[in-house]
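First comes the structure, then the notes that go with it.
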Amino acid sequence: MAQQEAGYSTGARIRQRRMDLGMRQGVLAQRAGISASYLNLIEHNRRRIAGKLLVDIAAVLSIDPSQLSEDTQSALLNELRNGAVESIAEIDRVGDFASRFPGWAQHLTHSQKRVTELERTVEILSDRLTHDPHLSDALHEVLTVVTAIRSSSGILAGGGNLDAVWQERFQKNIDEDARRLAESAESLVQYLDGAGRPDQGISSAGEEIDACFARHSWHFEALEQPDTPASDVQDIAQEIVRDSKDLRSDGTRARMMRHLLEYRIRAVQMPLGAFLQAAAECNWDPLALASRFRQPIAEVMHRLAMLPATSPAGGIGLVGCDGAGNLTFRKAPEGFSVPRFDGACALWPLFEALARPDSMLVHDVSQSQGRGSEDVPRFTALSCGVQTLPEKLGAPVLRQAYMLLIPQGLAEGSDTAPPFIDAGASCRICLQAACPARREAAILSRQKTEVAF
Amino acid sequence: MAKTVLLIEDEPNIVEAIRFLLARDGWRVETHGRGDTAMDAVAKHRPDLIVLDVMLPKRSGFDILRDLRAAEDTRHLPVMMLTARGQSKDREMAEQYGVSRFMTKPFSNTEMLDAVRELAEA
């Protein structure tokens, strides 16, 4: 396996980078303060490397440590594969490409993302141009008035013996139409302006809200002060929403506002200092915290996932879905990717939780996609399904499920090992060979990948 | 005797301009501003040529064209359609229904006059 994984490994990337710089093994070892033979072991993946030594070696190689470390690299490779099409003959050299030209690879994935976004925009806009009754009406109005003006002015400009009565009549018509044209042009411009900041769903509301949360690292210090009066809270939340360029429609701004007010309620019910202390005491167990703070489990899970990024709990992720399996909350922890457009991996215990509401499922998950590499981060996944009681008799019961992803090492392990699930992110980019839950073929076949890595 | 053109169009200022142009060119011009009663106006005025807008209140120009082509009396009557949307879809549909000529708004007065003259001579 180690051989096959060579394209991924930190060791291989160190070696590649060193050779690109024309630096001898002994020189790098000396500057990094280790023996040449130890460096040799690292470069051949016989010794794991992380932490300070990785940083030191990266510094000697004048490269960002993240570009040598594997998590970022496998995320990058996933992105590259996701954006690649089957027709690229050199796809099996993606690992090689990413390690040798990390900057270009990054740039390529950014461009790919941008292209996907733009393609969607074009699709929606062209659909709108064809089917949007408002736009077509507005254009029709403009063209109609222009036609009238053109004809009337043509008559006036035609000269000849146009008598005064007709002259006056067409002048009056032109004046009338000119006013009307100004108005319809203005309304058209307003409409098109609005289309640029799409109220009608160019980017999905979910993405805009994710982007807003991410920009604040999923934590809002301004909403944490327990003695802020309610009216000020409203103002603070409104200010956050107003300052968020990610939110591009009234609909998403209103939704973000609700998220923030819910956040505030959690901040009051589970004050930051007390909660952090209790969470550590309870070994990050959401059930114990729910009973200690007398809060619904879903609220506790949200609170756990939205602690300050700098606290030990900053790395906790949370994924939420509705009863149809659509992802409604996406805080992806480092090393676990959550798809934005495609459907998520059906192996996630999140979906099992939908079917088993009101119990807490415990799993040990990773996204090694069957590669079984020990370098892929593992998480304790705590999944819980909840039902919202109907507003009144006869109204529908709404189900949600949440999956808390606690990086391994944060909580102390229990005596009994939870079941292990080797999942993926989304079928299209998943390498898992024989997966019973596969919905569509991966862009890469397993065979191809094995040859490469 | 002057030939009669029936202008079926709901924009009063366009009607006024076209009416003036065609009248000055020697036509007797009748006008009608609604889709649903357009066929009655055709029966009443028995025009030699029809200028027909696509977007009319109550009934579309396409439906009127179809009726005109279905009726014995008007099967071969020259019909020029006006549309504000220069979309190929509209043009295709009009051609399918048997339009004689197609004119896209905004047109120039000369274009309009030339087209009407050509249609009348054909």
Side-chain angles (χ1 to χ4, degrees), chain A residues 122-123 125-189 191-192 195, chain B residues 5 7-27 29 31 33-35 51-58 60-62 80-94 101-117:
Chain A
V122 167
E123 226 168 82
L125 282 179
S126 69
D127 188 58
R128 188 182 292 171
L129 282 172
T130 328
H131 300 294
D132 185 334
H134 180 90
L135 185 58
S136 132
D137 281 358
L139 280 173
H140 181 259
E141 166 79 4
V142 168
L143 286 171
T144 300
V145 184
V146 168
T147 306
I149 294 180
R150 189 166 179 201
S151 278
S152 308
S153 62
I155 293 167
L156 286 177
N161 44 3
L162 194 63
D163 74 43
V165 177
W166 279 113
Q167 253 186 42
E168 200 178 310
R169 191 137 168 196
F170 285 120
Q171 274 163 359
K172 190 186 119 269
N173 286 356
I174 289 180
D175 182 50
E176 219 176 84
D177 286 333
R179 283 168 207 270
R180 206 174 125 192
L181 181 60
E183 275 166 32
S184 38
E186 193 178 331
S187 94
L188 186 60
V189 166
Y191 175 76
L192 291 176
Chain B
V5 57
L7 173 60
I8 306 175
E9 159 70 73
D10 63 321
E11 258 316 301
N13 291 356
I14 295 181
V15 169
E16 187 137 72
I18 296 180
R19 186 217 287 272
F20 176 86
L21 284 169
L22 295 179
R24 200 170 58 176
D25 205 41
W27 289 82
V29 185
T31 62
R34 276 171 60 167
V51 178
L52 176 63
D53 189 30
V54 170
M55 299 266 280
L56 289 166
K58 312 274 187 192
S60 105
F62 292 122
M80 179 163 76
M81 281 199 104
L82 306 180
T83 178
R85 283 189 245 163
Q87 286 184 354
S88 52
K89 205 175 58 188
D90 279 9
R91 189 179 280 259
E92 270 166 35
M93 206 192 285
R101 180 135 191 172
F102 201 92
M103 186 154 286
T104 309
K105 293 178 182 176
F107 42 79
S108 76
N109 293 344
T110 326
E111 279 172 323
M112 164 62 78
L113 278 174
D114 288 351
V116 168
R117 280 177 198 150

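Below, read A as the first sequence line, B as the second, and so on, with proteins coming before strands; counting in each chain starts at 1.
- Checked against side-chain contact (heavy atoms from CB on, under 4.5 Å), A94(B) has the following partners two or more places apart in sequence or in another chain: F62(B), M81(B), V99(B), F102(B).
- Of the two parts of T110(B), neither the backbone nor the side chain holds a non-hydrogen atom closer than 4.5 Å to a non-hydrogen atom of chain A.
- Interface with chain B: from residues 176-184 of chain A, residues E176(A), D177(A), R180(A) qualify, criterion being any non-hydrogen pair under 4.5 Å.
- In this view, T147(A) and I14(B), K105(B), P106(B), F107(B) satisfy the side-chain contact (heavy atoms from CB on, under 4.5 Å) rule, not counting sequence neighbours.
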Show, in sequence, the C-alpha distance, side-chain angles and deciding distance for D114(B) and R117(B), and conclude whether the salt bridge (charged side-chain N to carboxylate O under 4.0 Å, His left out) test is met. CA-CA 5 Å; D114(B) 288 351; R117(B) 280 177 198 150; 3.7 Å; yes
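- Checked by atom type and distance alone, the side chain of D163(A) pairs as donor or acceptor with a backbone atom of W166(A) at under 3.5 Å.
- No other option in M112(B), E16(B), E11(B) has as many heavy-atom pairs under 4.5 Å with chain A as E16(B).
- Residues that satisfy the side-chain hydrogen bond (donor to acceptor under 3.5 Å, both in side chains) test with T144(A), not counting sequence neighbours, are absent from this structure.
- With no hydrogens or angles considered, no side-chain donor-acceptor pair links S152(A) and N173(A) at under 3.5 Å.
- Annotation for E9(B) and L82(B): closest pair OE1-CD1, 3.9 Å, computed over non-hydrogen atoms.
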